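Report on the structure given below.
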Amino acid sequence: MKLSREASKKVLVLVMLLPAAATITLFLAFPAALTVLISLTELDYRFQWIWCGVGNYAKLFNSPVLQFIVKATAIYVAGTLAFNTLMGLVIALVSTRVHEGLGTFIRAIWLLPRVLPSVVWALLMMWIFSPLEHGFLNSLIVKAGGKPIPWTFLYHWPFLFIVNGFIGSSLSGIVFSSAIKSIPQDYIIAARVDGASSFTIVRKIILPMIKWHIAFFVAYNTLSLIASFEYILLTLNGGPGFYSTEVMILHAYHLAFGQYMVAMDFGYAATIVTILLVIGLVLSIAYWRVFRLRRLMIEPKLE
Amino acid sequence: MVTVKLENVTKIFRGGVEAVRDLNLEVKDGEFLVLLGPSGCGKTTTLLMIAGVYKPTKGYIYFDDKIVNDLEPKDRNIGMVFQSYALYPHMSVYENIAFPLRLKKLPKEEIDKRVREAASMLHIENLLDRRPSQLSGGQQQRVALARAVVKQPGLFLMDEPLSNLDAKIRIEVRAELKRLQRELGITTIYVTHDQAEAMSLADRIAVMNEGRLMQLGTPDELYYKPANTFVAGFIGAPAANLVEADVVETERGLELSMLGTRFPLPSDLAAAVQGVSRVVFMVRSEDVKISPGKGFFVYSAEWLGRETFVHIQAPDGTLLRVTLPPGQHVAVGEAVSVSFDYKKVHLYRPSGELIV
Ligand SMILES: Nc1ncnc2c1ncn2[C@@H]1O[C@H](COP(=O)(O)OP(=O)(O)OP(=O)(O)O)[C@@H](O)[C@H]1O
Ligand SMILES: [Mg+2]
């Protein structure tokens, strides 16, 4: 049989796409579908596949816990995202302003928390911000004659922003500083000669010129934050108090893996994960639209 | 507008690169001065010191009678134009031109009036709403010029503003630039490595090499009286012939031994090289005359439309560049003899300084 040119071209394209399509199916579509399916069952420690329709969803929407975990998720994602982005910008602006070697050093130092094992980093931060008087900050305050401050109780959100942010901002810092470094010097010189202050140059020239990099980071980071709970689990674990830092994904974790045989409420946990999947999907589309990520991916914005 | 004076200006970058060395230069009020030199000779560095972006390591820069070494770029009232145009891609043409005025916090109507004035001066009124990426190179450069003009600066600083344009547009914008500068009477310092561009634009040219000033003069002076072999070789197209020669004494007087043969020196030149044993002989291609004869051969010939440009091979193998007057033709391989218009010949010491 002879294939027409058009048809053989299509076959070729399909064959070329196959590896990527297989990977996506295996690692993305399949687990997602499985999660949705599990959310429609009462799967638990007995591992019995009992269909329950939308029962889990009804249970979740009537649960008094829901408002707490939604609120915690919103605060956590928004706050950490803001911290990461702003801190990344500060690192990028400072480290590109100073001497080249020092700038690289600053960015390298900032990478340390990321390469540290997460338990070590969590331990370190819990020691620094310990509410007891032997914690690092409090011991300084006590030495200076002050009264210890219960950091993690009073400021649990800022604490989490810092614990996460020192890791997230190392990435944004590197992305933003390489973007800033690729801005031709002529723009900056032209603006200075025309009378722009450093602040104006940042606001009117540098930020608009790296806005695609910022948009990319914001989009990427939101999606990863929705699904991240590692450092909350290792530090405050949803507390202090009643579900104050229990984000949705952490709640799902607790429901599924919180305590052997006692938790293991896989069906109910999958419900929350499914909702997060939908939120992630909706946000992806929204970002795609708002930031025109499509254009970002098609044309390189800075050489 | 403003007089610019550089006094013993030296710039040494961190790491020890000496980009500019002991530069003395005075740019007169309203003058169009071109900084000319090969790549890496320190032209941009000099310009950026005048702009206040770099600080001289040594020496002083004066605007009129005031030392400006420590004056911020924004307080120098200069309009700058770059090779890259440096138009902000996220702003419209209008906003690009208005940018310096907005920073001065001028009233809206005033900004609008001046932007439109500058735009009409450069014939870009119909492009004001576009983005720089929607313009051709020539149009972008006009916008960049408008942005410099709109500030009504006392001094224009331009760093190879035309190098990214293709030949035809370059000549067009060049004429525009010259007209604009004449009209506005703004002192201009213009950097280029293109000697033809320098010759056509400049009131005076400062030729630089390896961070040092080689000669400062009008295009005529540089062409007809280059102060050293560097300027002699750099100015003029086709490049002048520079030939090493021995001065030998014979019973007929002094002769130059070069190109594998001997040339008797006329008495005025002979007097000047009395006691010198080696010189560099410089002659421009149009001052070499060839006639049927022997000893030299026509190596190649290019007909350029009006005149013919030929390479003549000397007995020792050296190739001489020769421009034939309109009407004269030679055949490749033809044997010829060569003579020089000694009134226009220069002799230099082997170290490069002018003897005569
Ligand atoms: N910021 C800098 N730091 C260190 N060295 C520099 C710096 N800027 C320029 N140089 C060096 O100083 C010398 C002169 O550079 P400059 O840019 O002034 O040359 P130029 O005459 O403008 O050359 P071109 O025609 O290539 O633009 C060069 O050797 C260059 O490498
Ligand atoms: Mg340069």
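Order of the sequence lines sets the chain letters (A, B, ...), proteins ahead of strands, with each chain counted from 1. The figures that follow rest on heavy atoms only: side chains count, while hydrogens, waters and symmetry mates do not. None of the values given here were measured: they were computed from a predicted structure.
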Problem set entry | Euclidean distance, I205(A) CD1 relative to F99(B) CZ, rounded to 0.5 Å | 4.0 Å
For this session: Please say whether more than 12 non-hydrogen atoms of neighbouring residues, nucleotides or ligands are located less than 6.0 Å from NZ in K104(B).
Result: yes
Exercise. More than 12 foreign heavy atoms under 6.0 Å from CG of D65(B): is that the case here?
Worked result: no
Exercise. Got a sec: does the NZ of K10(A) have more than 12 other heavy atoms crowding it under 6.0 Å?
Worked result: no
Exercise. Considering residues, nucleotides and ligands other than Y220(A), do more than 12 of their heavy atoms fall under 6.0 Å from its OH?
Worked result: no
For this session: Count the heavy atoms belonging to other residues, nucleotides or ligands that lie under 6.0 Å from CZ of R179(B), then report whether that count exceeds 12.
Result: yes
Exercise. Non-hydrogen atoms of chain A under 4.5 Å away: do they reach the side chain of L48(B), the backbone, both or neither?
Worked result: side chain
For this session: Mind checking the NE2-NZ spacing from H90(B) to K204(A)? Nearest 0.5 Å is all I need.
Result: 9.0 Å
Exercise. Just wondering, are more than 12 heavy atoms of other shown residues or ligands nearer than 6.0 Å to CZ in R114(A)?
Worked result: yes
Exercise. Atom CZ of F82(B) and atom CD1 of I189(A): how far apart are they, to the nearest 0.5 Å?
Worked result: 5.5 Å
Problem set entry | Toward chain A, the part of R102(B) with a non-hydrogen atom under 4.5 Å | neither
Exercise. Does D194(A) pair with K151(B) as a salt bridge, N-O distance under 4.0 Å?
Worked result: yes
Problem set entry | Atom CG of D129(B): over 12 foreign heavy atoms under 6.0 Å | no
For this session: Determine whether Y88(B) and P208(A) make a side-chain contact, defined as any pair of heavy atoms from C-beta on separated by less than 4.5 Å.
Result: no
Exercise. Using a cut-off of under 4.5 Å for heavy-atom pairs, which of S197(A), A191(A), G195(A), A196(A) has the most such pairs with chain B?
Worked result: G195(A)
Seminar exercise, completed: R192(A) and G52(B) have their tightest heavy-atom pair at NH2-O, 4.2 Å
Exercise. Does any heavy atom of chain A fall under 4.5 Å from the side chain of R147(B), the backbone, both, or neither of them?
Worked result: side chain
